[in-house]
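First the structure, in the form of structure tokens, and then the observations on it.
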Number of protein chains: 2
Amino acid sequence: MDGFVLRSKVVGSGHRQILAFHQAGDVPDLQSLFLHVLDHDVTTLGDCAVGFIPHGPLRQLITNRPKVAQALWRDTLTDAAIFREWICNIGQRDATSRVAHLVIELYTRLKAIGRTEALSFTFPFTQALLADAVGTSVVHMNRVIQELRGQSVLEMERGRISILDEAKLRRIADFDVLYLHLNPLL
Amino acid sequence: MDGFVLRSKVVGSGHRQILAFHQAGDVPDLQSLFLHVLDHDVTTLGDCAVGFIPHGPLRQLITNRPKVAQALWRDTLTDAAIFREWICNIGQRDATSRVAHLVIELYTRLKAIGRTEALSFTFPFTQALLADAVGTSVVHMNRVIQELRGQSVLEMERGRISILDEAKLRRIADFDVLYLHLNPLL
DNA sequence: CGTCTCCTTGAGTTAACTCAACGTACGTGG
DNA sequence: CCACGTACGTTGAGTTAACTCAAGGAGACG
């Protein structure tokens with residue numbers, strides 16, 4: 001309902017990979033609705049207001065109301081689409097692009113629910129967090145952020161991210177909004 | 001029904017990222033059932049026998065038979081779980097581990113449907129294909145494969161992958177089968 | 001005032017990349 | 001049946017992006 005939630009997984013080396021960020025309105029738990037065992041961690045990121053829906057009533061709802069079921073199913077499919085884009089992001093782009101891409105994704109999704117102000121939004125990140133999300137070391141993340149700052153593309157400070165040059169950021173990010181499937185009527 | 005299908009996406013640089021492999025019994029198209037616009041490519045890999053189910057009758061089936069709907073929904077959720085593991089694989093492991101992990105994943109999934117022989121299976125790969133799947137260059141993929149060959153862990157030749165030392169491969173891969181959710185009753 | 005978390009910087013190292021060339025197998029058409 | 005083209009694999013050499021280790025600085029907070 002408010003705040004941010006993240007999915008993550010710790011691999012054998014001890015490093016953590018963040019798999020997704022969720023915001024107000026998302027239902028992260030749907031990913032495990034029919035899996036019976038959670039294969040990753042789901043954590044709040046700072047202060048959060050969250051609601052819980054027991055699986056029992058939820059399954060009943062899904063059985064009795066096909067339209068609601070389809071809307072929820074659709075939600076899990078857009079999550080999957082975002083996972084796929086993250087695979088591309090981490091697999092094919094350099095660290096600077098990856099960060100830019102992540103920032104635009106967060107900005108775009110937050111804008112869709114009216115939680116941005118102009119070209120900025122609040123997000124309780126640390127550099128270590130961003131590093132875990134895009135698969136770089138913390139030190140390198142620091143240098144990438146300085147690079148983006150130096151180019152007057154982004155500003156990041158105390159839980160707030162501000163886009164200074166949107167066109168340039170989009171270019172660096174190689175961002176195509178399609179995968180977010182924001183328009184359900186399309 | 002037979003053969004392999006792959007999902008992929010081409011990024012701005014022109015490079016291709018493979019997002020998933022699908023085998024007999026999978027229904028790759030379910031990922032776009034409620035999205036109305038496909039955000040990535042789905043391609044056959046060599047000779048294939050595929051079946052098509054029009055969305056109309058499929059939606060009707062889903063509406064009328066909640067149990068079937070849940071089984072199909074579950075299928076899309078396991079696909080998402082695999083996407084998540086790929087994010088970890090590409091984001092956190094080195095190239096050798098990534099290849100090892102991919103091989104064990106393919107082997108495990110094929111074994112579940114009885115399409116392996118002993119510790120080997122047929123798969124129409126090229127080194128360029130594997131490179132696109134784990135996000136490395138072709139040249140580096142070649143060296144990684146030579147490394148695995150040299151350590152007597154794997155053999156790959158003419159569309160066949162053979163595991164020579166399963167324990168060692170699992171160790172290199174950092175593989176935990178959980179994310180495949182092979183047992184629906186768990 | 002000390003402690004904790006987070007950010008920053010420098011230096012050395014390594015994994016992976018690019019470019020370019022060459023080898024090899026296979027199939028096809030002359 | 002050979003010559004050629006194509007696709008795939010292999011190798012070497014030089015370069016670069018990113019990593020690790022280690023240390024120092026800045027702000028927040030009790």
Side-chain angles (χ1 to χ4, degrees), chain A residues 6 11-18 43 45-47 89-103 122-151 154-162 172-174, chain B residues 6 11-18 43 45-47 89-103 122-151 154-162 172-174:
Chain A
L6 63 84
V11 300
S13 64
H15 290 127
R16 176 179 70 156
Q17 174 67 45
I18 292 176
T43 324
L45 177 52
D47 293 338
N89 201 35
I90 298 173
Q92 299 299 335
R93 296 194 258 260
D94 65 21
T96 311
S97 292
R98 298 211 281 260
V99 176
H101 196 281
L102 175 59
V103 167
T122 58
F123 187 71
F125 68 95
T126 63
Q127 294 187 359
L129 188 90
L130 297 180
D132 286 352
V134 304
T136 68
S137 68
V138 184
V139 172
H140 193 57
M141 176 55 62
N142 181 270
R143 290 177 172 138
V144 164
I145 289 172
Q146 284 181 57
E147 169 69 18
L148 288 169
R149 258 206 284 267
Q151 294 210 18
L154 270 187
E155 192 44 72
M156 296 179 161
E157 84 251 286
R158 266 170 282 123
R160 167 159 293 274
I161 296 177
S162 305
I172 295 170
D174 182 31
Chain B
L6 62 85
V11 299
S13 64
H15 290 126
R16 175 179 70 158
Q17 174 68 47
I18 292 175
T43 324
L45 178 50
D47 292 338
N89 200 36
I90 296 173
Q92 298 299 334
R93 295 193 258 261
D94 67 19
T96 311
S97 292
R98 297 212 282 261
V99 175
H101 196 282
L102 176 59
V103 167
T122 57
F123 186 71
F125 69 95
T126 62
Q127 294 186 357
L129 188 90
L130 297 179
D132 286 352
V134 304
T136 68
S137 68
V138 183
V139 172
H140 194 56
M141 176 55 60
N142 180 272
R143 290 177 170 134
V144 164
I145 289 171
Q146 283 181 57
E147 170 69 18
L148 289 168
R149 257 206 284 265
Q151 294 208 20
L154 271 187
E155 191 43 70
M156 298 179 160
E157 83 251 286
R158 266 171 282 124
R160 165 159 295 272
I161 296 177
S162 306
I172 295 171
D174 180 32

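Labels below follow one simple rule: chain letters A, B, ... track the order of the sequence lines, proteins then strands, and each chain is numbered from 1.
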(message) How would you summarise protein contacts on nucleotides 24-30 of chain D per nucleotide, using B for base, S for sugar-phosphate only and - for none, with heavy-atom distances below 4.0 Å?
(response) -------
Counting any heavy atom closer than 4.0 Å, what does [X] reach on the DNA or RNA strands: base, sugar-phosphate only, or nothing?
{"X": "A/V139", "value": "base"}
{"X": "A/S137", "value": "base"}
{"X": "A/R149", "value": "sugar-phosphate"}
{"X": "B/G159", "value": "nothing"}
{"X": "A/T126", "value": "sugar-phosphate"}

Interatomic distance where [atom1] belongs to [X] and [atom2] belongs to [N] [whole Å]:
{"X": "A/E147", "N": "D/dA17", "atom1": "CD", "atom2": "P", "result": "11 Å"}
{"X": "A/Q146", "N": "C/dC7", "atom1": "CD", "atom2": "C1'", "result": "9 Å"}
{"X": "A/H15", "N": "D/dC19", "atom1": "NE2", "atom2": "C1'", "result": "10 Å"}
{"X": "B/R98", "N": "C/dA16", "atom1": "CZ", "atom2": "P", "result": "6 Å"}
{"X": "B/R93", "N": "D/dA18", "atom1": "CZ", "atom2": "P", "result": "20 Å"}
{"X": "B/R160", "N": "D/dG9", "atom1": "CZ", "atom2": "P", "result": "16 Å"}
{"X": "A/M141", "N": "D/dT20", "atom1": "CE", "atom2": "P", "result": "13 Å"}
{"X": "A/E157", "N": "C/dC7", "atom1": "CD", "atom2": "P", "result": "12 Å"}

(request) Check whether any side-chain N or O of B/N142 sits under 4.0 Å from OP1 or OP2 of D/dG9, and answer yes or no. (result)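 No.
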(request) Could you say whether B/A128 or A/A95 is positioned toward the 5' end of DNA chain D, judged by the nucleotide with the nearest heavy atom to each? (result)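 Here B/A128 is the residue nearer the 5' end.
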(message) By nearest heavy atom, map A/D94 and B/Q127 onto DNA chain D; which one lands nearer the 5' end?
(response)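 Residue closer to the 5' terminus by nearest nucleotide: B/Q127.
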(message) Just verifying a value: how many Å separate A/H140 NE2 and A/D94 CG, rounded to the nearest 0.5 Å?
(response)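 Output value for this atom pair is 7.5 Å.
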(request) Return the minimal non-hydrogen interatomic distance between B/I18 and B/A133, and the atom names on each side. (result)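 Heavy-atom minimum between the residues: CB-CA, 3.7 Å.
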(request) Considering non-hydrogen atoms only, spot the tightest contact between B/G91 and A/I90 and give its length. (result)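 Here B/G91 and A/I90 meet closest at CA-CG2, 3.6 Å.
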Taking the side chain as C-beta and beyond, is there a heavy-atom pair between [X] and [Y] under 4.5 Å?
{"X": "A/T96", "Y": "A/Q151", "value": "no"}
{"X": "B/V99", "Y": "B/E147", "value": "no"}
{"X": "B/L154", "Y": "B/I145", "value": "no"}

(request) May I ask you to verify whether the side chain of B/R143 and the base of D/dG9 hold a donor-acceptor pair under 3.5 Å? (result)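 Absent.
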(message) With side-chain hydrogen bond (donor to acceptor under 3.5 Å, both in side chains) as the test, pick out the partner of A/D174 among A/R98, A/R93, A/H101, A/Q92.
(response)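 For A/D174, the side-chain hydrogen bond (donor to acceptor under 3.5 Å, both in side chains) check succeeds only for A/R93.
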